[in-house]
Enquirer: 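Mind looking over this structure? Questions follow.
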Amino acid sequence: MGPKASSPPPPPRVYDRPWRSINWSEDGQNLLTTVTDFQPGNAEVNPLRILLHGPVGAGKSSFFNSVNNALQGRISTRALANSSLNSDKTFTLECKIYKVKNDRAGSFFPFTFTDIAGMDKQIGIKTEDIIQLLKGHISDGYIFNPLKPITEEDTKYKKNPILKDRIHCLVAVLPADTVSLIDEEMIRQMKEVREKARDLGIPQVIIMTKVDEACPLVKDNLEKIYTSKKIKQKMEECSIKLGVPVNCIYPVKNYHEENTTDTTVDILILDALKNILNFANDYVEDQVDS
Ligand SMILES: Nc1nc2c(ncn2[C@@H]2O[C@H](COP(=O)(O)OP(=O)(O)O)[C@@H](O)[C@H]2O)c(=O)[nH]1
Ligand SMILES: [Mg+2]
């Protein structure tokens with residue numbers, strides 16, 4: 001028997017050098033300090049308001065929980081993450097605002113997350129409702145009714161919102177593993193919200209979740225995230241879908257089944273949070289200047 005014809009080696013799945021630099025051994029503490037010490041530049045706009053939007057199951061609640069875990073240094077479950085994977089129902093249509101407790105200071109961190117139910121053709125929040133939220137018309141506890149348009153008579157409707165009532169950063173949450181499968185109508189709605197935010201000057205970022213599900217190398221070792229070709233490719237896909245530049249996309253792995261916190265997971269979460277806070281703060285300062 002002669003030698004077997006060898007098939008060409010598979011193309012490498014990693015880049016030689018990471019496309020974003022991170023120091024996995026040192027950045028954790030620095031990031032924690034930066035975020036913990038963060039104070040909005042404008043005392044009248046405290047807390048900064050961050051809106052999470054995206055399809056049901058994208059990992060919005062898990063992202064908030066992950067921020068909470070990274071800042072508390074322990075696992076806690078604040079927002080109810082949906083544990084059923086093929087769930088096609090939203091948990092709630094209530095506009096819920098989440099704060100993170102700052103144990104050291106005995107108070108709350110100067111930002112909030114608004115976690116709304118995913119937009120869904122039948123039962124979710126409509127694009128127009130989200131735009132009202134961006135502009136600051138909707139207070140905490142507002143119950144969205146998909147069958148009934150928002151009315152100015154509702155006690156939770158703010159007729160004349162000011163800068164502090166608005167959303168200061170819009171965060172689109174997309175899952176890396178199934179981004180290709182998200183239905184076109186959902187993407188169209190998300191784009192519409194994003195474009196509206198852009199017209200209002202509100203900064204926008206994408207949190208790309210479930211990097212562990214998208215790339216086995218990353219699942220095995222999260223520190224490989226910025227050298228994985230698969231992850232880069234998924235980020236480009238997210239960028240094209242929503243029209244958000246790649247440098248405003250933060251890939252993360254959320255805490256979802258862990259019992260303890262992990263420095264690498266924390267670093268990615270805190271880095272994303274730090275950037276979101278800086279964008280939100282810049283927006284507020286620009287609005288005051290103009
Ligand atoms: N493997 C993995 N699963 C995740 C991640 N983020 C969220 N999940 C899971 O995805 C499901 C939906 O997450 P959830 O936060 O409820 O999504 P939401 O509907 O956008 O709030 C849950 O089962 C989570 O445990 C992640 O980064 N990696
Ligand atoms: Mg949720």
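One-based numbering along the sequence shown. FYI, side chains are in, hydrogens and waters are out, and symmetry mates aren't considered; it's all heavy atoms of this structure. Each ligand, and each atom within it, is numbered from 1 in the order the structure gives. Note that this is a predicted model, so its numbers are computed, not measured.
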Enquirer: Measuring from non-hydrogen atoms of Ala58 to any atom of ligand 1, is the shortest distance under 4.0 Å?
Expert: yes
Enquirer: Under a 3.5 Å cutoff, is there a donor and acceptor pairing between the side chains of Tyr255 and Asp266?
Expert: yes
Enquirer: Would Pro55 count as a contact residue for ligand 1, given that I'm defining contact as a non-hydrogen atom of the residue lying under 4.0 Å from a ligand atom?
Expert: yes
Enquirer: Has Thr178 got a side-chain atom pairing as donor or acceptor with Leu181's backbone, closer than 3.5 angstrom?
Expert: no
Enquirer: I'd like to check which ligand 1 atoms, numbered from 1 as shown, lie under 4.0 Å from a non-hydrogen atom of Ser62.
Expert: 6 (N), 7 (C), 13 (O), 14 (P), 15 (O), 24 (C)
Enquirer: Taking only residues two or more places apart in sequence, or in another chain, which ones meet Ser25 in a side chain to side chain donor-acceptor pair (under 3.5 Å)?
Expert: Asn23
Enquirer: A cation-pi test, strictly: NZ or CZ of Lys156 under 6.0 Å from the centre of the six-membered ring of Tyr142 and no more than 45 degrees from its axis. Yes or no?
Expert: no
Enquirer: With a 3.5 Å cut-off and no angle check, do the side chains of Ser107 and Asn102 form a donor-acceptor pair?
Expert: no
Enquirer: Looking only at distances, can you tell me whether any N or O atom of Lys253, backbone or side chain, sits closer than 3.5 Å to an N or O atom of ligand 1?
Expert: no
Enquirer: Quick one: list whatever passes side chain to side chain contact (heavy atoms under 4.5 Å, CB included) with Ala280, sequence neighbours left out.
Expert: Leu48, His168, Cys169
Enquirer: Is it true that Arg188 and Glu184 make a salt bridge, defined as a side-chain N closer than 4.0 Å to a carboxylate O?
Expert: no
Enquirer: Can you name the atoms of ligand 1, numbered from 1 with element, that are less than 4.0 Å from a heavy atom of Glu213?
Expert: 1 (N)
Enquirer: Measure Lys210 to ligand 1 on non-hydrogen atoms and call it side chain, backbone, both or neither using the 4.0 Å cut-off.
Expert: both
Enquirer: For ligand 1, which atoms, with element, lie under 4.0 Å from some heavy atom of Val56?
Expert: 19 (O)
Enquirer: Please classify the Asn254 to ligand 1 contact at 4.0 Å (heavy-atom distances, strictly less than): side chain, backbone, both or neither.
Expert: both
Enquirer: Verify the distance criterion only: is there a donor paired with an acceptor across the side chains of Arg166 and Tyr283 at less than 3.5 Å?
Expert: yes
Enquirer: Are Lys229 and Tyr15 in a cation-pi setup, meaning NZ or CZ lies under 6.0 angstrom from the ring centre and within 45 degrees of the ring axis?
Expert: yes
Enquirer: Which of the atoms in ligand 1, numbered in the order shown and given with their element, are less than 4.0 Å from a heavy-atom of Ser61?
Expert: 15 (O), 21 (O)
Enquirer: Under 3.5 Å, N or O to N or O, is His256 touching ligand 1 that way?
Expert: yes
Enquirer: Looking at the Mg ion (ligand 2), is there an N, O or S atom belonging to Ser62 that lies under 2.8 Å away from it?
Expert: no
Enquirer: Flag Gly59 as yes when one of its N or O atoms lies below 3.5 Å from any N or O atom of ligand 1, and as no otherwise.
Expert: yes
Enquirer: For ligand 1, is there an N or O atom under 3.5 Å from any N or O atom of Gly57?
Expert: yes
Enquirer: Do ligand 1 and Val252 have nitrogen or oxygen atoms that lie under 3.5 Å from each other?
Expert: no
